[in-house]
Amino acid sequence: MKVGIQVPATMANLGCGFDCLGLALPIYNTIIVEETVLPGSGIEINIIDEKNPDSVLNIPTDKNNIVYKAIELLYSYIGQVPDELKITIKTQIPVARGLGSSASVVVGGLMAANTLLRNPADEAVLLSIATEIEGHPDNITPAIKGGVTLSSWEDDGSVVYRKLPWYDDWKVTVCIPDYELATEISRSVLPKEVLLKDAAFNLRRSAMFVEALHTHDSELLKLAMRDRLHQPYRKKLVPGLVAIMDNLRHTNGVLGCFLSGAGPAIGVVSCGANINEVKDIVANTWRDMNVNTQFYSLPLDNEGAKRIL
Ligand code: HSE
């Protein structure tokens, strides 16, 4: 049996919603898992970078591979160990940019293994195992469900989530710099404790964000996407972030600008803006710092992970 699962890229936090808000984009990684028939053939892992087929990605192809680890966890859920499997990871999502590449392959591995094993795990179990691996649900939930999601990882390990509405006139521009930033490094600069006034600032914004989405209120969204819990600490790891945000704040039609997940990619939400003007501001700011930018202006992926093989 051969199973292929396509999983979207995701942007987490969306400004105010540290570790709880996320959205899915139509850029995909695909995980193909095949039971091999030859006994003793072991685990074979191949990685194909679909955007740059000649590039060699620095990703393990042994049992330390994150997809294998996800598959192993799903097998252990029913007391089994994977033995003869051929795993192919086809990537389109840039790695270490804050676009959920690791969440996508974890989700793809878990869902492929679950299908091979005739679906022992329901959606709640998949969400919970995937979140356990990632450590937070904000990329995992939109990777599985698509769209914009609000999710919470509860003390018992379960994930509670809701999909939120989104609107075609709210455009997302993804700005991806040409350097990597590991999530562990980006999380290591965060404080263990924050000031009550900063927590209250984000609490207000998160409530505004959800209300703005439910009522299609662009003015409220404009206030909502600001953050005091993680971006102020991460700005030193993403030179240009503050200048880009300052410049975009005064650009017609821009509703918000945020560090995507742990960065360094930046998301810009706009309504009626001149997207080329937005791109120029970002590209010029980063060019002054010798950073090149790749852009995507995309609708959201609303389906989430799905079986394609
Ligand atoms: N919410 C997480 C963070 C996303 O900001 O560290 C990382 O993938």
Side-chain angles (χ1 to χ4, degrees), residues 9-23 64 66 69-70 73 94-107 127-144 148-162 164 175-177 179-210 223-246 249 256-267:
T10 47
M11 303 180 99
N13 300 329
L14 312 183
C16 58
F18 179 70
D19 275 2
C20 65
L21 291 173
L23 60 77
N64 290 315
I66 188 169
K69 284 179 175 289
L73 270 178
V95 294
R97 300 301 205 288
L99 294 172
S101 65
S102 93
S104 80
V105 296
V106 164
V107 165
L127 274 165
S128 172
I129 297 177
T131 299
E132 179 78 43
I133 297 172
E134 277 280 286
H136 33 84
D138 46 344
N139 292 104
I140 293 294
T141 311
I144 293 181
V148 182
T149 60
L150 163 67
S151 42
S152 169
W153 194 19
E154 297 295 295
D155 289 344
D156 64 1
S158 65
V159 173
V160 175
Y161 78 88
R162 292 291 183 272
L164 300 174
C175 317
I176 310 171
Y179 66 90
E180 300 183 358
L181 174 56
T183 301
E184 310 82 71
I185 294 174
S186 190
R187 284 187 89 85
S188 74
V189 299
L190 301 179
K192 297 262 176 297
E193 291 171 2
V194 294
L195 293 174
L196 183 63
K197 64 180 180 155
D198 290 340
F201 180 93
N202 273 55
L203 193 59
R204 289 194 292 275
R205 312 276 147 187
S206 302
M208 286 179 192
F209 185 93
V210 174
L223 288 175
M225 300 187 82
R226 295 172 64 190
D227 162 70
R228 287 197 188 154
L229 293 186
H230 69 108
Q231 292 172 178
Y233 304 99
R234 288 171 160 168
K235 65 186 182 197
K236 61 184 173 210
L237 299 174
V238 187
L241 175 66
V242 174
I244 288 170
M245 286 184 162
D246 284 348
R249 193 157 294 137
C257 175
F258 59 90
L259 188 65
S260 178
I266 291 176

So which atom in [X] and which in [Y] form the shortest heavy-atom distance, rounded to 0.1 Å?
X    : Y    : answer
P137 : P142 : O-CD, 4.2 Å
G256 : M225 : CA-SD, 3.9 Å
A96  : P264 : O-CD, 3.5 Å
G15  : H230 : O-NE2, 3.4 Å
L237 : Y179 : O-OH, 3.9 Å
D138 : C20  : CB-N, 3.7 Å

Using salt bridge (Lys or Arg N to Asp or Glu O under 4.0 Å) as the criterion, list what pairs up with [X], not counting sequence neighbours.
X    : result
R249 : D246
R97  : E180
R187 : D19

Residue pair [X] / [Y], side-chain heavy-atom distance below 4.5 Å:
X    : Y    : answer
K69  : I133 : no
R234 : L190 : yes
C257 : I266 : yes
L241 : M245 : yes
F258 : Q231 : yes
L14  : L23  : yes
T149 : T10  : no

Only distances under 3.5 Å count here; give the side-chain donor-acceptor pairs of residues 192-202 to other protein atoms, sequence neighbours excluded, each with its distance to 0.1 Å.
{"residue": "N202", "atom": "OD1", "partner": "R228", "partner atom": "N", "Å": "2.8"}
{"residue": "N202", "atom": "ND2", "partner": "C16", "partner atom": "O", "Å": "3.1"}
{"residue": "N202", "atom": "ND2", "partner": "D227", "partner atom": "OD1", "Å": "2.9"}

- prompt: Who pairs with I144 by side chain to side chain contact (heavy atoms under 4.5 Å, CB included), at least two apart in sequence or on another chain?
  reply: V107, L127, I140

Main chain of [Y], side chain of [X]: is a donor-acceptor contact present, judged purely on distance under 3.5 Å?
X    : Y    : result
S186 : T183 : no
S128 : G157 : yes
S152 : V160 : no

message: Nearest 0.5 Å, please: how far is OG in S102 from CG in N139?
response: 7.0 Å

- prompt: Which value, rounded to the nearest 0.5 Å, describes the distance between M11 atom CE and L259 atom CG?
  reply: 9.0 Å

field: Greater than 12 external heavy atoms within 6.0 Å of D155's CG
entry: no

- prompt: Listed by chain and number, what are the side chain to side chain donor-acceptor pair (under 3.5 Å) partners of S151, not counting sequence neighbours?
  reply: T141

